[in-house]
Amino acid sequence: MTKERNDTMTNYAVILSGGVGTRMKMGSFPKQYLEVKKKPILIYTLECFQETPEIDRIVIVAAKEWQNQIQEWVKQYRITKFDCFASAGESRQESIRNGLEMCMMTSKNEKDQVIIHDGVRPMVTGELIQSCLGALLEHEGCMPVLPMNDTIYQSSDGKSIDQLLERSTLYAGQAPEAFHLWKYARINRETPERELAEVKGTSEIAYRCGMDVTLIPGDDRNFKITTQSDLERFRSLLGEERE
């Protein structure tokens with residue numbers, strides 16, 4: 001169930017597309033711009049948000065040298081909800097902050113919401129987007145998670161076991177993550193640069209600053225394309241024929 005809308009409320013989507021994809025072993029070419037079935041991975045992601053009725057505006061965080069190309073793709077694939085670009089930051093959370101600032105430039109209602117997603121998670125569904133936004137009816141933030149299926153050990157040196165962690169209490173966080181825009185933007189704006197650079201997850205800074213972040217079930221297919229094997233998995237799911 002999604003949050004009840006009114007004419008003055010806006011749902012923003014901030015799509016992170018500033019990474020360089022070093023683990024893909026393709027030099028400096030960002031993986032989100034690789035083509036699968038002759039379409040950039042980023043466009044698959046944008047299309048999911050374009051087709052979700054609850055999303056009103058899309059902000060893309062990207063390096064300046066890629067913005068003209070992305071603009072051409074946005075026109076070609078009719079991503080009409082695209083609003084503007086934000087500059088990529090030195091860290092993921094800095095990129096998020098830059099995207100939030102662009103949202104705040106046009107936000108007029110303190111009830112506005114923002115959902116943040118990785119450009120390299122192209123299998124996100126409209127249902128998951130709607131569930132994240134719907135959770136904001138009773139909470140200030142939302143993160144989809146997956147339970148841990150394997151036994152988890154902690155090791156300080158990578159050679160010996162320090163302790164066995166309780167698997168039933170551990171979860172892997174996913175994107176997209178949704179928040180009340182004004183409060184989340186203020187937290188990011190007030191956090192010092194040094195601390196911002198140390199943030200590892202989108203919801204981490206919200207949790208640390210006392211926001212009420214709820215967990216909802218994630219989606220196994222909503223994986224992040226990080227390695228070559230992830231790319232092959234995505235190609236396989238789309239049924240792309242390889243030479």
Side-chain angles (χ1 to χ4, degrees), residues 1-16 45-46 48-59 61 81 83 92-93 95-97 99-118 121 123-149 166-191 195-196 199-224:
M1 179 179 178
T2 54
K3 191 172 182 179
E4 184 176 346
R5 302 291 303 279
N6 61 58
D7 292 339
T8 62
M9 180 180 162
T10 302
N11 284 333
Y12 293 85
V14 172
I15 307 299
L16 304 176
T45 303
L46 292 175
C48 294
F49 287 84
Q50 171 70 27
E51 294 165 6
T52 302
E54 287 77 8
I55 298 300
D56 300 303
R57 295 173 179 245
I58 297 174
V59 174
V61 184
K81 293 179 182 179
D83 187 42
R92 186 178 192 276
Q93 198 64 31
S95 290
I96 290 173
R97 184 189 63 185
L100 294 170
E101 290 300 324
M102 296 308 296
C103 296
M104 292 299 292
M105 292 283 288
T106 57
S107 177
K108 305 298 182 184
N109 190 330
E110 64 180 357
K111 294 183 179 180
D112 287 351
Q113 302 174 160
V114 62
I115 187 164
I116 300 167
H117 193 62
D118 302 307
R121 286 185 188 265
M123 296 296 290
V124 64
T125 64
E127 289 80 5
L128 185 58
I129 294 169
Q130 290 169 334
S131 294
C132 287
L133 292 172
L136 298 183
L137 178 64
E138 298 179 352
H139 303 275
E140 296 175 317
C142 175
M143 176 174 63
V145 297
L146 295 174
M148 302 300 293
N149 295 321
E166 180 52 55
R167 182 174 60 187
S168 63
T169 66
L170 300 174
Y171 296 87
Q174 287 190 317
E177 293 158 90
F179 305 93
H180 291 177
L181 172 61
W182 285 27
K183 186 169 185 177
Y184 188 65
R186 183 176 70 251
I187 286 171
N188 279 268
R189 186 181 297 150
E190 294 174 352
T191 300
E195 294 182 22
L196 210 65
V199 173
K200 299 297 189 294
T202 310
S203 289
E204 177 187 340
I205 190 172
Y207 163 76
R208 285 191 344 210
C209 293
M211 286 186 74
D212 168 27
V213 180
T214 190
L215 307 182
I216 65 170
D219 183 349
D220 282 321
R221 287 165 58 96
N222 179 34
F223 60 93
K224 186 176 182 180

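What you see is a predicted model, and the numbers here were worked out from it, not measured in a lab.
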In chain order, what residues pass the side chain to side chain contact (heavy atoms under 4.5 Å, CB included) check against [X], with sequence neighbours excluded?
X	answer
Glu166	Ser168, Thr169
Met105	none
Glu51	Glu47
Tyr207	none

Who pairs with [X] by side chain to side chain donor-acceptor pair (under 3.5 Å), at least two apart in sequence or on another chain?
X	result
Thr45	none
Arg92	Asp118, Thr202
Arg167	none
Thr191	none

Just checking, any donor-acceptor pair under 3.5 angstrom between side chains of Asn11 and Gln113?
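The answer is yes; a qualifying pair exists.
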
Any side-chain donor near an acceptor of the partner, Asp112 and Ser107, under 3.5 Å:
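There is such a pair (donor and acceptor under 3.5 Å, judged by atom type) between the side chains of Asp112 and Ser107.
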
Strictly by salt bridge (charged side-chain N to carboxylate O under 4.0 Å, His left out), give each pair with a member in residues 126-138 just once, sequence neighbours left out.
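Non-adjacent pairs meeting salt bridge (charged side-chain N to carboxylate O under 4.0 Å, His left out): zero.
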
Could you tabulate the donor-acceptor pairs under 3.5 Å formed by side-chain atoms of residues 212-221, not counting sequence neighbours?
residue : atom : partner : partner atom : Å
Asp212  : OD1  : His139  : ND1          : 3.4
Asp212  : OD2  : His139  : ND1          : 2.9
Asp219  : OD1  : Arg221  : N            : 2.9

Quick one: salt bridge (Lys or Arg N to Asp or Glu O under 4.0 Å) partners of Arg208, sequence neighbours excluded?
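Per chain and number, Arg208 pairs via salt bridge (Lys or Arg N to Asp or Glu O under 4.0 Å) with Glu204.
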
Please check if the side chain of Gln93 supplies one atom and the backbone of Val199 the other of a donor-acceptor pair under 3.5 Å.
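Not a single qualifying donor-acceptor pair exists.
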
Taking Leu128's backbone N and O only, do any of them form a donor-acceptor pair with Thr125's side chain (distance below 3.5 Å, no angle check)?
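Yes.
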
Applying salt bridge (Lys or Arg N to Asp or Glu O under 4.0 Å) between Glu140 and each of Lys183, Lys111, Arg186, report the one that passes.
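Of the listed options, the one satisfying the test is Lys183.
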
Mind checking ring-ring contact (aromatic ring centres under 6.0 Å, His included) for Tyr12 and listing every partner two or more places apart, or none if nothing turns up?
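Tyr12 satisfies ring-ring contact (aromatic ring centres under 6.0 Å, His included) with no residue once adjacent residues are dropped.
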
